[in-house]
Amino acid sequence: MVTPRQHIEDIRRTKFSIGGEPNLLTEDLHHAVKNLSSELYTKDVHFLMELIQNAEDNHYIEGESPTLEFVITSNDITATGAPATLLIFNNGKGFSPKNIDSVCGVGRSTKKGNRSSGYIGEKGIGFKSVFLVTAQPYIFSNGYQIRFNERPCPHCGIGYIVPEWVEEKPTLTDIKNIYGIGKDSLPTTTIVLPLKPEKVESVKQQLSSIHPEVLLFLNKMRHLSECSYYMWKQKFPVRLENMVETKKDVKEWVVTLAFPNQERLYRGKTLPGVYAFLPTEMVTNFPFIIQADFFLASSRETILWDNKWNQGILECVPSAFVDALKTFVAGSVQAPVSNLPYLFKFLPIDSSPFENFNQMRKKIKAKLHEENILPIETHTKQKQFFKPCEVRRLLHEFWNILTKANDEGVYFPDLSSHDGIKILSSSFDKKEYRDILKFLGVKLVNIDWYAKCIQSSNLVHEVSEDAYLKILMFVARHWFSMFKGSNIINIPLIKYVASDGIPEFAIAYAHFLYVALSMGYLSSLQVSSLCSFMPLVDNYGNITKSRKGVLLPANVSKWSDLIISNPWRNEGYVELGKAYLNASSYAGQNTSSMKVINFLETYVKASDIPYIYPPNAGFSAADTPLTKDNAFLLLDWIRNLRCKGTGLPMRFLECIRKGNWLKVTCSNGYMPPSESFLIGSSLIKYLQSSLVLVDIALIDESFYGDRIHEYKLELTMLGVKKFSYAEAFEFIERELMSRAASFSLQGSYVLSMLNFIQYLRKSQIPLDKFVDHIRVESWLRTSWGLRSPVGSVLNDSRWKVASQISNIPFIDNDYFGHEIYNYKEELKLLGVIVDLLGNHQVVIEHLKLPSNLSSLTDEAVLLMLECIKYSNAPTKLLNSLKGTNCLKTNIGFKTPDECFLYDPVWGCILKVFDGFSVIDHELYGEKIFSYKDELKQIGVLVDFKDAIKIFASLFEQKALETSINQQHVISFLSCCKQLKGTDYSFPSDFSIVLSKMKWLHTEVGGFRCPRNCILYGPEWKSISSITCLPFIDYNDRRFGMSIYKYKEELKRIGVVTELKDGARFLPECLSFPSNPSNITAKSVFSLLEWIRLLMQDHKPTIEDGDLKKRLSRSWLKTHAGYRPPDKCLFFNSKWGGGKWVDSHECVVHDPAKLFGSKFYVLEDIYDSDILLFLYVTMEVKNKPSLEDYVDLWNDWGSSMEQLSYDEYCRFWMSISKHLSTKQEKKFAESLMKLPATSGNNKIFLVDKEDVFIPDNFQMKKLFEREKVFVWYPQHNMTPCTKNISESLCKEESSLVNDDVKPKHVDPNNIFNLKGLVKLILGFLACSNLKMKPNKRHEVVQSLLNLSFHETMEPINVSYSLSLSSGDIITKKANKSVCWESQSSKFIIQNMDGDSLKYATSFSEAISEGVLCENHDYVPALSELITLGFFLKFKIEEIDFLMESKYLQIDHEDEKFLSSVFPSD
């Protein structure tokens, strides 16, 4: 083995011809080395950078920390006369023989092509830079003891690279003495540099100013303590267009960005912004450092701008920066919002002196505009982030107002809800971040936002006086510059000026309903009804009358905490205003805070998450890291909807699935559920130990706890995947594999690789980790050029047809040869598509149809249908086929929507008429029928229901054109016969066409609809001699005898085929011969049979003038010859008994069975077949007339007092069926007595004057035992009589005890008289009364003239009812309120509380007194006054009540009120 010394001697002899033959190139080598060393580096510091670079590139013993030490001493250990010596110590593996060869040459670096191994220096001349500070550098390493000299060697004339062996000066002992006494041994390598006198101070200065950031991007040399940095490292695949030959083995760019956590350490004059592992001299003016494997200029000062490798790296920097910032923001989710702005100091807000970096800056800015990175102001711990263009700033002065209001307990949960504008976090919206916000393009809010904020937050009324004055000052200060003419003029800003009060009334109404329910004044059902149309005040103070749903106010809701802004606003939901939260007092009733909100939750369904149905919209929280509580709230919401069986809106569900809200263990921190995994507890320990190696998005169970496992179903709905052992281990193994695919593999290599995969597969060795990484690279030669295996296709005979319609990327068989088919399974593993079955989508994705689709073979057409069948949503193929002549039919190539698919059952309808384009199934074969659904998708008519519509339209057209011939009819009837008993029946609209259109030709001339046609048969012979019937024309020129085969079909479509069904033709077709003797008995019997049938059908057609005239001819043969029917008598043997009576003493029918005592009822005597004759010929009444019923009733009234309930009912039910309104009135006036009931189900006949209608429930109860109330069957007529309330005499006494006098009281102490009067005036003016102003004032004056008195006792009332007999019925009752019109007194019984009964009595007394001349309107006014009573008739409440009832008073009423109540 050659020793180090022998190696040096060999170099001197062979390379530099020392001791051998002269080398002709030595002079050139000398000048090349001298020029390179003096010109390559313009600054002395570069020799230190090269030494650091060499130390980084060295190999080190495993487990030993790499070190590089610099020591400067004044000892001249080299005996060269140097004033100082620099020693460099490194503990790497040291110089190998190859390294020694390299430093003894130019451009012979051992690192060339090894960038993928981590080497950062490869120029081969780095060590020569030491000659800038020394004339004789020394190397001591691995037994080598050599030095170099810048002066040319006397033996060969070359300097710099000729090694000399060193025996002494320095010795290893000298070096160890400098390194340190007590240290065990010297490091492996020592470089000794005796410094040139003029370089000593420069080297000392450079040593002291070496920037610690040098170590940031070194993988081995690591020690940096003066400043901390955020380090972001990201890999990007090297793009093909950026590849260079010298780095062809490098597949990924690694871009590293360093963000200083504090002020960057400053040593020297500049702060380098670009590193290629070591610093360049490029100052970018960016607050971060860019490190990548750049190609540098030979001076290392700058990168090479025109190098395509560098250009590719620079293209990746904006993405790396944005990803880094997003990760920093996501990682600070648990920190306060105030910590976030600090991260944005890294934005490149200042321009760079380099134009390329300015372009990079613009790209970073553009990318940031599309990212949710800016926090908005929220009132909870939940942070929300939005794009800069979605966020707005506030004026600093307004932030001060909001901060002060917040300190006073006024919260702003909906700050980011107005017009969809999101407000930047107050921690960010500060002057020191103004340049950053300007860079991001964050603008100020629009002017109207301030108005909406002030209005919705009730800021004016809730803040202190000091804060309120600041609001006014803010508006005043900016009035002319901002607010003049804006929406600020429409909000109630001046809180001491009364507003119109309408929102307050709405709030008051809600309080009223709550109190009314609580006190039992209104039932829950009544409250629910009232609440259904109750106007609500929203968060802006606006009144909303219509709504789809109601939301709780933001500051007491969960939805505001989770979503921030209101996504239901555009779906008709009302967000309740904060006013509903406050305690209040109305009408003397106090309501504590939150009571009304709880009431509204029940009765207007005010809702909140998790019970409210979500909007069909995305919301920003879904893309924002959620707090743990909000994450569980969201999952509870989804669970609640799932348990109800309620489907989630698509956009809502998608935004949750794809939003970055779920905390995971990977470096991103938060991921969408669709990209996250949930593992079992048994896997946690293993995976946690592996997470330092791979980045798996596991749900962070340390954050969520065990509770997260309770939501497995919900998480699965959102796309979270479950991990098994095999999946987890496979994932880790796959992620750790490095990519090894090539861009330009030769065919033989590809086949070898496939053979290798085959070996692994057959050996059952896991190969997924290998396959998954090469399958995505573009190395497989196809008809499209180089492609990845995924999506490429192995061509064979089954794909031959597909090539007619699609440009598929087939593997190049000519290039790879037939051997490629030996690896089908391996190609399938790589993603190559081998079989057509199951891969039809490929054909569609690469679809390329010929311009003339009629040129396609039948196999190609069938393949397209097969692709439609087995592909998902083949829109491209469907659109390509629609509207093109691609299908062969019986009449040539047609577009799909012109074609029909023949059906063996109902296809017969397509043969009835010519012109239907039926697909040529003989050409395509039976297989065409298996694509029924696919043909339908491209427009072919394949269903009976669709085909029959087209057929019906054509049928109707031909019927209108009278072009339906014998062949059409026979073919159609044959089809009807064929369809009988199948599942195919004609739709109702076509049946109507068949029945109404005239398409059957008859003997009477022209076409007729089926129901007006008759199919002739032998049984029709007798009737045909006396009629002219529309028999279907069956002569040989048309239908022939074949028509009779379809008798059943004709019958089904309405043609008359049976003699008994032809009776309806009689009125139109009866035609007696001129000679009656030609009329046979069979013909007469047939005629009479038809007449009987008409009578049975209750068709009075025989009364038809034309038919009656025809029947009046002489056609019946009698003993006296032929006579008309009315001159004939049909004798019956039964007529032998009985007596003869006048016809007016008879009636044919008595439906009610009531007239047996007044008439002879002939239906009880004669057979039914003679009754019509008696009715027509003998003019006997068919039924009793109205006068007959009146006479019967009056007979009952004079002969008896009481009848049975059944008789009454039959009588009235019979009458009510046949009376018109006019007849009903006449009938009622004709009755002498009316039925009355005494409440015990007995009915009496009572004089009409003594029977009354119980229109007053109280009176009905008082008199229900008397026989005074009219009886009438339910749902029938009401006899004309008087109301009980109109017929009573009422006597009232003020007191039970006359010794006690009522006390005079002021009505305003009991209620507001003015409010009552105003309410009555509004009713009188706006009801149907439409009373004139003077009359209204006169009516109300009677109320104002009353003196009001109060008593402790009830008021006695006596009611008297006078009868026509002179008898008087008297009843007594008590009242709590009385209006004595004669004495003009209004007496009120003193009762504690405001009971509903008392309010009702009060309202009735007032209404009856005011409307004594218009009693019908008393109930309506009474109901209105009752509502006012509970409002104490306060003017404000009365105004609201009148508005809700659409009541108002005019100017004259206002003047009247002012004159009556001047003090008000």
Side-chain angles (χ1 to χ4, degrees), residues 330 333 372 382-385 549 551 557-568 570-571 573 607-666 668-684 687 695-728 730-731 872-873:
V333 168
N372 296 324
Q382 178 63 57
K383 297 183 182 68
Q384 293 270 8
F385 296 90
L551 292 172
S557 71
K558 294 179 180 177
W559 67 260
S560 176
D561 188 12
L562 176 62
I563 303 178
I564 305 299
S565 60
N566 181 358
W568 289 274
N570 294 331
E571 298 197 5
Y573 280 73
S607 191
D608 194 9
I609 294 174
Y611 305 108
I612 191 169
Y613 187 74
N616 187 21
F619 60 96
S620 59
D623 203 29
T624 299
L626 293 182
T627 63
K628 180 168 66 175
D629 291 340
N630 276 342
F632 284 126
L633 176 60
L634 179 58
L635 292 172
D636 282 332
W637 192 8
I638 296 171
R639 171 180 288 181
N640 190 50
L641 295 169
R642 179 182 61 78
C643 293
K644 288 181 178 179
T646 305
L648 274 65
M650 184 59 66
R651 290 175 60 193
F652 172 80
L653 183 59
E654 280 302 299
C655 85
I656 298 176
R657 283 176 172 170
K658 297 179 180 179
N660 294 288
W661 61 270
L662 190 62
K663 193 170 191 313
V664 294
T665 56
C666 68
N668 290 337
Y670 288 83
M671 293 285 286
S674 58
E675 300 177 23
S676 304
F677 301 89
L678 182 65
I679 61 174
S681 57
S682 58
L683 274 175
I684 294 176
L687 290 181
D695 218 11
I696 310 175
L698 300 176
I699 294 178
D700 192 343
E701 297 182 38
S702 64
F703 178 73
Y704 293 112
D706 293 338
R707 183 181 173 188
I708 194 67
H709 290 280
E710 299 174 10
Y711 299 94
K712 289 182 178 179
L713 286 177
E714 289 71 32
L715 291 168
T716 302
M717 281 179 62
L718 299 179
V720 173
K721 307 171 189 67
K722 296 181 180 178
F723 249 160
S724 65
Y725 273 100
E727 291 169 335
E730 176 187 343
F731 184 87
N872 182 26

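None of these values were measured; they are calculated from a predicted model.
Note on ring orientation: taking the six-membered ring where Trp is involved, the planes of W568 and Y573 are tilted (angle from 30° to 60°).
In this structure, the side chains of L678 and H709 come closer than 4.5 Å at one or more pairs of heavy atoms. V664 has its side chain out of reach of E675: every pair of non-hydrogen atoms, C-beta onward, lies at least 4.5 Å apart. Contact annotation: the side chain of D561 never approaches that of I609 to less than 4.5 Å [non-hydrogen atoms, C-beta and beyond]. Side-chain contact check for L641 versus P614: some heavy-atom pair is nearer than 4.5 Å. Using a 4.5 Å heavy-atom threshold, the side chains of F385 and P625 count as touching. Side chains of E710 and R639 form a contact here, defined as non-hydrogen atoms less than 4.5 Å apart.
Considering OG1 of T624 and OH of Y670, their distance stands at 11.0 Å, rounded to 0.5 Å. Remark: E714 CD to I656 CD1 distance equals 11.5 Å, nearest 0.5 Å. Atoms NZ and OH, from K663 and Y704 in turn, are 7.5 Å apart once rounded to the nearest 0.5 Å. In this structure, the separation between CG on N660 and CG on L626 is 10.5 Å, given to the nearest 0.5 Å. Remark: M717 CE to R657 CZ distance equals 7.0 Å, nearest 0.5 Å. A distance of 13.5 Å separates CG of D700 from CE of M671, quoted to the nearest 0.5 Å.
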Set out, in order, the CA-CA distance, both residues' side-chain angles and the distance that settles side chain to side chain contact (heavy atoms under 4.5 Å, CB included) for N566 and W559, then state yes or no. CA-CA 8 Å; N566 181 358; W559 67 260; 4.0 Å; yes
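A side-chain contact (heavy atoms from CB on, under 4.5 Å) with L718 holds for exactly one of L713, L662, L653; it is L653.
Using a distance-only test at 3.5 Å, with no hydrogens or angles considered, no donor-acceptor pair links the side chain of W661 to the main chain of A631. Of the possible polar contacts, one joining the N640 side chain to the P610 backbone as a donor-acceptor pair under 3.5 Å is found. Between the side chain of Q384 and the backbone N or O of L562 there is at least one donor-acceptor pair closer than 3.5 Å. No side-chain donor-acceptor contact under 3.5 Å links K721 to the backbone of S676. A donor-acceptor pair is defined here as one N or O able to donate and one able to accept, closer than 3.5 Å; such a pair exists between the side chain of D608 and the backbone of K558.
A pairwise comparison of heavy atoms in K644 and Y611 identifies NZ-O, 3.7 Å as the closest pair. Considering every non-hydrogen atom in both F703 and K628, the closest pair reads O-CD, 3.1 Å. Closest approach of A622 and C655 over heavy atoms only: CB-O, 3.4 Å.
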